[in-house]
Number of protein chains: 2
Amino acid sequence: MTTIYDVARRSGVSPATVSRVLSGRRNVDPELSEKVRAAVAELGYRPNGVARNLRKASTNLWAVVISDIENPFFTSLVRGLEDVAQTEGYHVVLCNSDEDPAKEAAYASAVLTEQMAGVVVSPTSTAEGVLQLAEAKTPMVLIDRRVDGVEADTVLVDNEHGAAEGVKHLIDGGYERIACITGPRRVSTAMDRLAGYRSALRAAGIPYDKDLVRHADFREAGGFAAMESLLELPEPPEALFVSNNLMTVGALECLAKRGLRAPDDIALVGFDDIPWADLVVPSLTTVAQPTYELGRTAGLLLKDRIAAPGRPPSTVTLRTELHVRATSAPKQK
Amino acid sequence: MTTIYDVARRSGVSPATVSRVLSGRRNVDPELSEKVRAAVAELGYRPNGVARNLRKASTNLWAVVISDIENPFFTSLVRGLEDVAQTEGYHVVLCNSDEDPAKEAAYASAVLTEQMAGVVVSPTSTAEGVLQLAEAKTPMVLIDRRVDGVEADTVLVDNEHGAAEGVKHLIDGGYERIACITGPRRVSTAMDRLAGYRSALRAAGIPYDKDLVRHADFREAGGFAAMESLLELPEPPEALFVSNNLMTVGALECLAKRGLRAPDDIALVGFDDIPWADLVVPSLTTVAQPTYELGRTAGLLLKDRIAAPGRPPSTVTLRTELHVRATSAPKQK
DNA sequence: CTGTTAGCGCATTCAC
DNA sequence: GTGAATGCGCTAACAG
């Protein structure tokens, strides 16, 4: 392997000067600088990033810890993050936690031993890894979910407001008996969206009926089961608000299986957009999250945090947007 | 930062012994080993991965260079790769090349300077980065596409056969005037799938009509435009085979926009599955690729290549599977 | 089986 | 503005 010493010898300068030239320091004689560049080209020299990392006690890696890259919510978010990383000179290490606190912790551990420059995390319910990273003062941005007791930069969406807007849209369509499938009680987004559901009902003077609420696991199977359970009610709901994309798919599958259709049999609004939501027939009304922007914003915050580790943490809340499509068409009399 | 020397001092042994214990070498007195472990725990010592990397002249990083993580084909593939990486002790660095040879080359360069242990690449048309990596003898697995002149482990699907099967299915449904939208001429998958289309026609004794073939860019917009152009033909096709998922979506959008429906106005088979293909109405007939398996297989090959760099490269070809759904229903008389 | 020693390749003091 | 020297933390020789 050719090293900085080889380049130094070849160009008749010291290794220190080569290092200065390569890291773009200004205080180098242009003439020497030129010699060094020439030697680099002749030798086909390539700096050793690992050695640099050791010396600087930090790498150019960011980790992104999410539950599953196959969930389009995270896919797009990761893309947004990676775009920022690329322009800032970082690389993104993809970590699928599958909502498993142990995996999250294992990745957190890797972040520390590999000296990664920063992390973006969507915390699991117990947030074990997040606590570990917070303690180690690793530059970190929380995404999608809050974690009690951890002070860190955070990017959220306006969950309560978005959910309320979606539910209000159903109420405006003439529906009153509106059910809700939301996520686990320990997850802040699940509770925030449930709160939005409740507040929309309250605003409309519709009494809250806890028999119409289901807590599932934010996954397809959970949405399917919750839908089944709602349909078995003595008096099934006439409309439904589902608080994430995978559970919405599950609910749709359950309806399809039973030969039921939205909005005729049950009107539907889902939280979080789905690619091809327009191509599904009937097309799906959603409370869309700016997923790409979430990732991008997280990247920007992380960059700033690395530049100024001492600064007090900030929280950015992005707005959701109601995409009215066919499944929430007004009630027919 | 606590180092291996601190642990050594604390436990009354040499740094070398600490290193041996931590890297799981067997030839260490159990008693000393125990002491070391105790000291590690007491001090909260954490090995420095970067230093280890420098010493060993290699990291535990794999890069995966794909055109776009937002394409569900790659999303699932990356997931498969990451699952293998995790069990083998590697981390995956995500690289979106956007089909841009310059970006591919930049990532290849990063792979080299950061001393990553291996790469999985879906090559861009000119495969600049791939050539660079091949020259440097970096452990590499090519995925989805072949590259002329590069000897490397490769994972492909049975493109020609899968395409032929999809087209034959249309022919069996009574269609004769069948169009094809495929990808760029320089991309092996595009040509292989086109070859499958032709061979199915030939087998059925249907003459090949090049006016019914379009080369687009494998993206949504390209599929849309190609569809438009086919519909403007004096005698539009009665069926269509589209050679990737994004272009299929584009074609569907074009049909929707014009108020046309599959299969009544035009029957449709797409190459590569789409999540929710079942939920789209009419549901979409596809030649499904085992995307997760592609990623998993690539990971396995990469692992083997790293273990035995000298071994001659192998090519694995996975089978596609025809998923018959509604858009290819037999022709009505 | 264990300890001593050296050096991976670089960036950064500190002199000059 | 430049060069010599040092050490980041670890593992692999080698000697004992």
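Naming: A, B, ... by sequence-line order, numbering from 1 per chain.
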Review point. What pairs of residues pass the ring pair (Phe, Tyr, Trp, His ring centres under 6.0 Å) test when at least one of them lies in residues 34-64 of chain A, not counting sequence neighbours?
Key: A:Trp62-A:Tyr90

Point to revise | For A:Ser19, side-chain hydrogen bond (donor to acceptor under 3.5 Å, both in side chains) partners two or more places apart | key: none

**Study point:** Pairing residues for A:Thr59 by the side-chain hydrogen bond (donor to acceptor under 3.5 Å, both in side chains) criterion, not counting sequence neighbours
**Key:** none

Check your understanding: Between atom CG in A:Asn53 and atom C1' in D:dC8, what is the gap in whole Å?
Key -> 12 Å

Check your understanding: Considering residues at least two apart in sequence or located in another chain, which fulfil the side chain to side chain contact (heavy atoms under 4.5 Å, CB included) criterion with B:Asp83?
Key -> B:Arg79, B:Tyr292

Practice item. Could you tell me the separation between the CZ atom of B:Arg9 and the P atom of D:dC10, rounded to a whole number of Å? Key: 12 Å

Study note, to complete from the structure: the helix from C:dC1-D:dG16 to C:dC16-D:dG1: angle between terminal helix axes, five bp per end, to the nearest 10 degrees, reads 30°

Review point. Rounded to the Å, how far apart are B:Ile4 CD1 and D:dG7 P?
Key: 18 Å

Review point. What is the distance, rounded to the nearest whole Å, between atom CG of B:Leu22 and atom P of D:dG9?
Key: 15 Å

Practice item. Quick one: label A:Thr3 by what it contacts on the DNA or RNA (base, sugar-phosphate, nothing), any heavy atom closer than 4.0 Å. Key: sugar-phosphate

Practice item. Applying side-chain hydrogen bond (donor to acceptor under 3.5 Å, both in side chains), name anything that partners A:Thr75, two or more places apart in sequence or on another chain. Key: none

Review point. Under 3.5 Å, side chain of A:Thr154 to main-chain N/O of A:Ala152, donor-acceptor pair present?
Key: yes

Practice item. Nearest whole angstrom, please: distance from the P of D:dG9 to the CG of A:Leu112. Key: 15 Å

Check your understanding: Does anything in residues 32-46 of chain A pair up under salt bridge (charged side-chain N to carboxylate O under 4.0 Å, His left out), and if so which pairs, sequence neighbours excluded?
Key -> A:Arg10-A:Glu42

Check your understanding: Separation of B:Asn48 atom CG from D:dC8 atom P, in whole Å?
Key -> 11 Å

Check your understanding: In chain order, what residues pass the side-chain hydrogen bond (donor to acceptor under 3.5 Å, both in side chains) check against A:Asn159, with sequence neighbours excluded?
Key -> A:Arg193

Review point. Under 3.5 Å, is there a donor-acceptor pair between the side chain of B:Ser97 and the main chain of B:Ile66?
Key: yes

Solution key, residues 126-151 of chain A side-chain donor-acceptor pairs under 3.5 Å, sequence neighbours excluded:
residue	atom	partner	partner atom	Å
A:Arg145	NH1	A:Glu99	OE1	3.3
A:Arg145	NH1	A:Pro123	O	2.7
A:Arg145	NH2	A:Glu99	OE2	2.9
A:Arg146	NH2	A:Asp192	OD1	2.9
A:Arg146	NH2	A:Asp192	OD2	2.8

Exercise for review: Using a cut-off of strictly less than 4.0 Å between a heavy atom of the residue and any atom of DNA chain C, enumerate the qualifying residues of residues 37-47 of chain A by number.
Suggested key: A:Tyr45, A:Pro47

**Study point:** Euclidean distance, atom CG of residue B:Leu54 to atom C1' of D:dA12 [Å, nearest integer]
**Key:** 13 Å

**Study point:** Spacing of B:Arg52 atom CZ relative to C:dG9 atom P, expressed in whole Å
**Key:** 19 Å

Pick out the pairs of N or O atoms, protein on one side and nucleotides 2-6 of chain C on the other, that lie under 3.5 Å.
residue	atom	partner	partner atom	Å
C:dT2	OP2	B:Asp29	N	2.6
C:dG3	OP2	B:Ser14	N	3.0
C:dG3	OP2	B:Ser14	OG	3.3
C:dG3	OP2	B:Thr17	OG1	2.7
C:dG3	N7	B:Arg20	NH1	3.4
C:dG3	O6	B:Arg20	NH2	2.5

Practice item. Hey, could you give me each pair passing side-chain hydrogen bond (donor to acceptor under 3.5 Å, both in side chains) that has a residue in residues 295-311 of chain B? Not counting sequence neighbours. Key: B:Asp153-B:Arg305

